[in-house]
Amino acid sequence: SNINTNGDGEIQVSEAEAFDGSILIGFPVSSTTNITDFTGIEFFTNVTKIAINRCIATSIDLSENNFLEEISITNGVMESIILPNTTTILKRIDFTFNYITDFTFLNNYTNLEEILLLFNPIVNLPDFENLELLENLSLSGLDLTTLDMSSNINLTELHIQYTSIN
């Protein structure tokens, strides 16, 4: 649907708040966006999906986007992500090919069903034990030596490549 409903060429706060669809930035995948700052994304309070590909911004604050079910920020230089304050709606995240080192903030999002953290310089992973609904986990290209998923009884897919795990 159209965000700029009044056709004035600008997105008003009321238009952003009323939008309840998906925001897709950097698609098709062959393009790179020159967005360096996501100020204003907080006004899209009812958006359900944000997908950003090949962006040059290093941080994003999604704390006010409390209806997000899916966040995909891939192939960029993202170093810092603040997720929504509401922790029960988010089901899928994909932060493939970025520069994020600490993912312990995911511990609070216990309804996550799919997590893709491929090729990030991760120092701290979340405690997957708390993520009981997790069905799909991809951790390829990380500096991993061990991983205990024994408490994740709903896990049906586990993708681990290019790590030190044998």
Side-chain angles (χ1 to χ4, degrees), residues 1-128 130-139 141 157:
S1 68
N2 189 6
I3 299 172
N4 183 22
T5 56
N6 68 7
D8 68 353
E10 295 182 359
I11 299 173
Q12 308 302 318
V13 170
S14 60
E15 293 170 322
E17 291 172 342
F19 183 71
D20 62 358
S22 299
I23 295 175
L24 308 175
I25 300 169
F27 294 91
V29 295
S30 61
S31 63
T32 299
T33 64
N34 291 326
I35 298 173
T36 58
D37 187 343
F38 281 99
T39 300
I41 197 88
E42 67 273 13
F43 296 112
F44 289 88
T45 55
N46 291 304
V47 70
T48 57
K49 175 181 178 180
I50 291 179
I52 301 167
N53 184 54
R54 297 181 59 105
C55 186
I56 61 174
T58 58
S59 65
I60 189 167
D61 183 348
L62 301 172
S63 60
E64 299 301 318
N65 307 95
N66 288 313
F67 290 98
L68 281 171
E69 296 174 16
E70 181 176 345
I71 301 169
S72 176
I73 301 174
T74 57
N75 301 307
V77 294
M78 198 65 64
E79 297 173 0
S80 170
I81 297 172
I82 300 174
L83 291 183
N85 291 322
T86 303
T87 60
T88 57
I89 295 176
L90 191 60
K91 304 242 184 273
R92 180 183 189 277
I93 59 153
D94 181 354
F95 299 138
T96 299
F97 283 107
N98 279 288
Y99 293 92
I100 304 165
T101 59
D102 190 346
F103 283 100
T104 55
F105 59 85
L106 294 178
N107 290 337
N108 299 324
Y109 297 87
T110 56
N111 286 347
L112 281 170
E113 296 171 0
E114 184 173 19
I115 299 174
L116 291 84
L117 306 178
L118 295 84
F119 298 98
N120 279 278
I122 296 176
V123 175
N124 296 308
L125 283 169
D127 181 3
F128 293 113
N130 295 330
L131 305 175
E132 296 175 5
L133 300 179
L134 190 61
E135 298 172 1
N136 182 353
L137 177 64
S138 292
L139 299 173
E157 292 185 47

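One-based numbering along the sequence shown. Because the structure is a prediction, the values reported are computed rather than measured. Just the heavy atoms: all of them, side chains too, but no hydrogens, waters or symmetry mates, feed the values below.
Between Q12 and N6, the shortest heavy-atom contact is CG-ND2, 3.8 Å. Summarising the geometry of E114 relative to N136, their closest heavy-atom pair is OE2-ND2, 2.9 Å, with the distance given to 0.1 Å. The two atoms that bring I35 and I56 nearest to each other are O-CG1, 3.3 Å, heavy atoms only. Of all non-hydrogen atoms in G40 and E42, the two that sit nearest each other are N-OE1, 2.9 Å. In plain terms, the two heavy atoms of R92 and D94 that are nearest each other are NH1-CB, 3.8 Å. Between L68 and P84, the shortest heavy-atom distance links the atoms CD1-CG, 4.0 Å.
In this structure, CG in L118 is found 4.0 Å from OG1 in T96, a value given to the nearest 0.5 Å. Distance check: R54 CZ to I25 CD1 gives 15.0 Å after rounding to the nearest 0.5 Å. Here the CD1 atom belonging to I73 is positioned 4.5 Å from the CD1 atom belonging to I60, to the nearest 0.5 angstrom. Atom CG of N46 sits about 9.5 Å away from atom CG of N66, to the nearest 0.5 Å. With rounding to the nearest 0.5 Å, the separation of OH in Y109 from CG in N111 is 11.5 Å. Distance OG/S59 to CG/D37: 7.5 Å, rounded to 0.5 Å.
Within the 3.5 Å criterion, the main-chain N or O of T48 finds no donor-acceptor partner in the side chain of E69. Of the possible polar contacts, one joining the N98 side chain to the M78 backbone as a donor-acceptor pair under 3.5 Å is found. Judged by distance alone, the side chain of N65 and the main-chain N or O of V47 form no donor-acceptor pair under 3.5 Å. A side-chain donor-acceptor contact under 3.5 Å links N85 to the backbone of S63.
Ring orientation note: the planes of F19 and F44 are nearly perpendicular, at an angle over 60° on the 30°/60° scale.
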Worked check of side chain to side chain contact (heavy atoms under 4.5 Å, CB included) between L106 and I93: CA-CA 10 Å; L106 294 178; I93 59 153; 3.5 Å; yes

Full working for side chain to side chain contact (heavy atoms under 4.5 Å, CB included) between L134 and F128: CA-CA 8 Å; L134 190 61; F128 293 113; 4.1 Å; yes

L83 and I81: CA distance, side-chain angles, deciding distance, side chain to side chain contact (heavy atoms under 4.5 Å, CB included) verdict: CA-CA 6 Å; L83 291 183; I81 297 172; 3.7 Å; yes

Test log, rule side chain to side chain contact (heavy atoms under 4.5 Å, CB included), inputs D127 and T104: CA-CA 7 Å; D127 181 3; T104 55; over 6 Å; no

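Tested against F95, the residues L116, I100, I115 include a single side-chain contact (heavy atoms from CB on, under 4.5 Å) partner, I100.
Looking only at side-chain heavy atoms (C-beta outward), V123 and D102 stay at 4.5 Å or farther from each other. Side-chain contact between L62 and I82: absent, with no pair of heavy atoms (C-beta onward) separated by less than 4.5 Å. At least one side-chain heavy atom of L117 sits less than 4.5 Å from a side-chain heavy atom of L125. The closest side-chain heavy-atom distance from N120 to Y99 is not below 4.5 Å. In this structure, the side chains of T110 and T87 stay at 4.5 Å or more apart for every pair of heavy atoms.
Within 6.0 Å of the CZ atom in F38, the count of heavy atoms belonging to other residues, nucleotides or ligands exceeds 12. Counting non-hydrogen atoms of neighbouring residues, nucleotides and ligands closer than 6.0 angstrom, the CZ atom of F105 exceeds 12 such neighbours.
Checking T74 against N53 by side-chain atom types alone, a donor-acceptor pair falls below 3.5 Å.
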